[in-house]
Amino acid sequence: MSEPIIVCQDVHKWYGHFHALRGVSMEVQKGEVIVIFGPSGSGKSTFIRTINRLEEHQQGTIVVDGIELSHDVRNIAAIRREVGMVFQQFNLFPHLTVMQNITLGPIQVRKWDKKKAEQIAMELLTRVGIPEQAQKYPGQLSGGQQQRVAIARALAMQPKIMLFDEPTSALDPEMIKEVLDVMTELAKSGMTILAVTHEMGFARAVADRMVFFDAGNIIESGPPQQIFSNPQEERTKLFLSQILSH
Amino acid sequence: MTTTSSEQHAVPFWRDERYLQVLAQILVVAIIAGTLYYLANNLVTALAAQNIPIGFDFLRLTAGFDIGESSIAYSRASTNAQALLVGVLNTLRVSFLGIIFSTILGAIVGVARLSNNWLVNKLAGIYVEILRNIPLLVFLIFLYSAAFVKLPRITEALELPGPIYLTNRGFFVPWAEPGDGWSTYRWVLWVGLLVAIVVAWVLRRQGQRTGRMPLILLWAPLAFVVVALLGWFIVPGQPLVSSIPVLEGRNFTGGNGLTPEFMAVLLGLVVYTSAFIAEVVRAGIQAVSKGQREAATALGLSGFQTLRLVILPQAQRVIIPPLTSQYLNLTKNSSLAVAAGYPDVYAIGRTIQNQSGRSIEIIALMMIVYLAFSLGTSLFMNWYNKRIRLVER
């Protein structure tokens, strides 16, 4: 078995007195697709945000691609280059065109030539199905199109790991599919993915492993078949019955 | 089709909103026109009854009074028009410098208020809360009568390194005067300006090609400085001679003097307005959503890159409109200069009014002057605001 690309051991995080992460330990193999789910406030978003240090963990260790996350700013910068992130609210830069949104990171951080960056951006836009929108501004696109641009923007940095933080929660129902299609294609291409999502169809179809979070810790994890048909924990059963019942 | 149109015709016009909207507008125009006519008529009849004609001939008369400071040639033998022009230029000078310095100071304090450093954060907060809660007039009178004119007399001037002399008659600072090499050196400065423009142009081109815009505002002025320094050693003779203030009898000669009136007004306007600008800047930066900073951070942009490429371009759209209001306020507040004895257009206008009795003409002229300044500022800022507007659906 190859070396895991992410290793988390006993990760703790407090917001003031609130204990958000209570000793989370997890290993992720290269190319693995992991779906994280659980009730709101259970720490699942906080957890994936510690992986690129949008949130600082206060105890435990996180090693990403062989680099330990610490207060060393050079390590933090190195990890952020290798980890792409897609947000619930898209967070596209409204003052830049779609093309500029996608090439900003490669040009400024990777120091690529503008031509090369734009060429790769066009390839990515074609891959997410909206090459004709390159010169538009985010405000001129639909939510689904914006989220696909956001995925292209993260991919343009050529990351080794992609984090998705509830990527479809802010979308209208008919736009969810177009984003999930892109994510499915990405998962099948061998990208390492950690996705916080409640799209159980997506989880069933592409996840290698599902991880159930509650009250700041991992309650249960396993392949989708096991989680859906034979969950071990009462809490998991209850939660699944609630979200699958409608 | 026929039924709808017949229904519409059936509505009496006093219930038809299309008629009502037009009617309301006609009414408003009629009220305004009527009021203006009443006021104008009142003015004309009152003036006619007292046998006072309206006219601007008095502007050509000799002013007959001295003005403390002037940026153009002026003596008491000059005309009223020239006196008024001195006032206009003095107002322009203090407003223009005030806008520049209050913007710089306000931006620094505004960013400091968002600092994670506890001390910096609290100091900026105290600065803003104290200064924006003291009336400007009180503050100006305090600065002038309790600070600047309480400095030592000219014979006992406070000497700072430089030498800079602080006295109750103003600050005297070393200044540069053209030397024997100036006529040649002047051309060097023009060349330097040209080089700076070329550098800016080349950098801009390069920035557009690579997508990484260099800090043009840093490099272009640097190029100018380099040329100016090179020229200094190459050009024969002394391009500039330093002129140092020296006490001769009861006054300083040489150097350059800044009057306590000007200093008090400028400092008062800058410090007071900067407190408001700081709040505008802070609000602008905070109006950019947290997600924008997170997205930039997740891409691996550094803190400075995030501020320059993501936060500030968005913050400025929120900052510009209220910033324009602050510039207009500063320009109009400069009329409080009269409290510190600074000869701005209002102070000089009042003097002319007292001497000539031409209240209406003088007030009209002053209103036109301030209106012109303010509209000019507004036009420029609106043009800039439009240029950086966000594209939306």
Side-chain angles (χ1 to χ4, degrees), chain A residues 48-49 51-55 73 76-118 121 135-142 150 153-154 156-157 159 162-163 165 170, chain B residues 116-118 202-216 218 281 283-321 323 384-393:
Chain A
I48 70 164
R49 287 158 62 90
I51 292 171
N52 66 349
R53 211 175 177 81
L54 283 184
E55 303 285 351
V73 284
I76 296 173
I79 286 174
R80 282 181 181 153
R81 277 197 292 273
E82 304 305 331
V83 179
M85 183 149 195
V86 176
F87 300 86
Q88 181 179 355
Q89 301 296 341
F90 329 136
N91 295 344
L92 293 178
F93 307 128
H95 61 300
L96 301 177
T97 62
V98 165
M99 177 58 84
Q100 289 167 333
N101 264 279
I102 298 174
T103 55
L104 184 71
I107 289 174
Q108 301 289 344
V109 180
R110 292 259 188 231
K111 307 287 178 199
W112 285 353
D113 187 60
K114 190 180 174 191
K115 272 221 178 77
K116 178 185 172 191
E118 287 187 341
Q135 297 312 321
K136 289 204 181 151
Y137 285 88
Q140 297 169 303
L141 304 183
S142 73
R153 178 176 68 177
M157 287 293 287
M162 284 285 283
L163 306 176
D165 188 0
Chain B
N116 289 326
N117 184 316
W118 186 87
V202 168
L203 287 180
R204 204 179 139 74
R205 280 287 297 269
Q206 190 198 335
Q208 278 165 350
R209 193 166 44 77
T210 62
R212 280 185 292 276
M213 199 52 84
L215 293 169
I216 294 173
L218 175 71
V281 169
I285 290 176
Q286 281 181 331
V288 179
S289 76
K290 201 165 136 252
Q292 292 290 312
R293 187 180 288 271
E294 285 182 351
T297 308
L299 278 176
L301 296 178
S302 70
F304 177 68
Q305 284 176 322
T306 303
L307 195 68
R308 175 170 169 233
L309 300 167
V310 176
I311 306 292
L312 286 183
Q314 295 183 61
Q316 68 174 354
R317 294 155 218 270
V318 186
I319 290 173
I320 298 290
L323 189 64
Y384 185 67
N385 197 33
K386 207 169 231 172
R387 218 173 66 102
I388 59 167
R389 185 182 52 182
L390 276 188
V391 178
E392 272 169 34
R393 205 183 300 243

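By convention in this document, chain letters (A, B, ...) are assigned in the order of the sequence lines, proteins followed by strands, and residues within each chain are numbered from 1. Worth knowing before you read on, the calculation uses all heavy atoms, side chains too, and leaves out hydrogens, waters and symmetry mates.
Taking a 6.0 Å sphere around NZ of A:K111, one finds it holds more than 12 heavy atoms contributed by other residues, nucleotides or ligands.
With a threshold of 4.5 angstrom between heavy atoms, A:Q108 approaches chain B through its backbone and through its side chain. Residue contact with chain A, scored on non-hydrogen atoms closer than 4.5 Å, is absent for B:I388. Both the backbone and the side chain of B:E294 come within contact range of chain A, with heavy atoms under 4.5 Å apart. Contact annotation for A:V86: neither backbone nor side-chain heavy atoms come within less than 4.5 Å of a heavy atom of chain B. Both the backbone and the side chain of A:F93 come within contact range of chain B, each with at least one heavy atom under 4.5 Å from a heavy atom of that chain. Heavy atoms closer than 4.5 Å to chain B are found in the backbone of A:L92, but not in its side chain. In this structure, the portions of B:T297 lying under 4.5 Å from any heavy atom of chain A include both its backbone and its side chain. Using a 4.5 Å cut-off between heavy atoms, B:R293 makes no contact with chain A at all.
For the pair A:R153 and A:F90, the cation-pi criterion (under 6.0 Å, within 45° of the ring axis) is not fulfilled.
Residues A:H95 and B:R317 form a side-chain contact, since some pair of their non-hydrogen atoms from C-beta on lies under 4.5 Å apart. Put simply, the side chain of B:Q316 does not reach to within 4.5 Å of the side chain of B:N385, judged on heavy atoms.
Under the 3.5 Å distance criterion, the side-chain polar atoms of A:N101 are matched with a main-chain donor or acceptor of A:T97.
In summary, of the residues considered (A:I107, A:T103, A:D113), a side-chain contact (heavy atoms from CB on, under 4.5 Å) with A:E118 occurs for A:T103 alone.
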